[in-house]
Amino acid sequence: MNNKELEAKVRKKEATGFVSRRIFAYRTIAFHLVKLLVKTPVKPNQITVLEILLFLTSVALVGTGRHKYMIIGAVIGVICVYLDYIDGSLARAKGVTSRLGNALDSASCYLEYILIP
């Protein structure tokens with residue numbers, strides 16, 4: 001699969017609107033990481049589980065109230081956003097979808113909506 005074909009699969013659901021997610025370069029960076037991961041045995045579900053674990057770690061660090069840990073937690077939170085884009089892009093690139101993957105991705109989104117506020 002060449003770069004154009006991979007890009008067409010990965011960028012299928014591009015965000016639009018005034019504040020597009022492209023402004024923050026999430027999709028662009030995720031695309032380049034997916035190019036590296038598409039030929040490996042790494043599965044999108046594994047990335048989603050890693051994202052959930054890192055997100056819970058991030059929330060725990062931010063919740064300590066100590067400045068140093070809060071900064072580390074915030075950085076891990078940003079990494080979680082990238083992982084969210086990577087798992088979806090990797091699933092589209094590999095053409096792999098599953099009920100488990102959908103449930104895990106939904107669970108990670110719900111956790112973020114519940115725990116961030």
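Numbers here are sequence positions counted from 1.
Note that OG1 of T57 is 11.0 Å distant from CD1 of I79, once rounded to the nearest 0.5 Å. The distance from atom CD1 of I86 to atom CG of L33, rounded to the nearest 0.5 Å, is 4.5 Å. Taking OG1 of T48 as the start and CG of L100 as the end, the distance is 8.5 Å to the nearest 0.5 Å.
Residues V62 and L53 are members of separate hydrophobic clusters, defined by side-chain heavy-atom contacts under 4.5 angstrom among Ile, Leu, Val, Met, Phe, Trp and Tyr. The cluster map of Ile, Leu, Val, Met, Phe, Trp and Tyr, joined by side-chain heavy atoms under 4.5 Å apart, puts I71 and V78 in different clusters. When hydrophobic clusters are built by joining Ile, Leu, Val, Met, Phe, Trp and Tyr residues whose side-chain heavy atoms come closer than 4.5 Å, directly or via intermediates, V96 is not grouped with L50.
Between T40 and L37, some side-chain heavy-atom pair lies under the 4.5 Å cut-off. At least one side-chain heavy atom of D87 sits under 4.5 Å from a side-chain heavy atom of E51.
The nearest pair of heavy atoms linking A93 to V34 is CB-CG1, 3.9 Å. Nearest heavy atom pair, residue Y69 against residue T64, reads CB-OG1, 3.4 Å. Of all heavy-atom pairs spanning L104 and I52, the tightest one is O-CD1, 3.9 Å. The heavy-atom pair separating K43 from L90 by the smallest distance is C-CD2, 4.2 Å. Nearest heavy atom pair, residue I76 against residue S58, reads CG2-CB, 3.8 Å.
A side-chain donor-acceptor contact under 3.5 Å links S108 to the backbone of D105.
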- Report the C-alpha separation of L61 and M70 in whole Å, then their side-chain angles, then the decisive distance to 0.1 Å, and conclude whether the side-chain contact (heavy atoms from CB on, under 4.5 Å) test is met. CA-CA 6 Å; L61 288 170; M70 290 174 71; over 6 Å; no
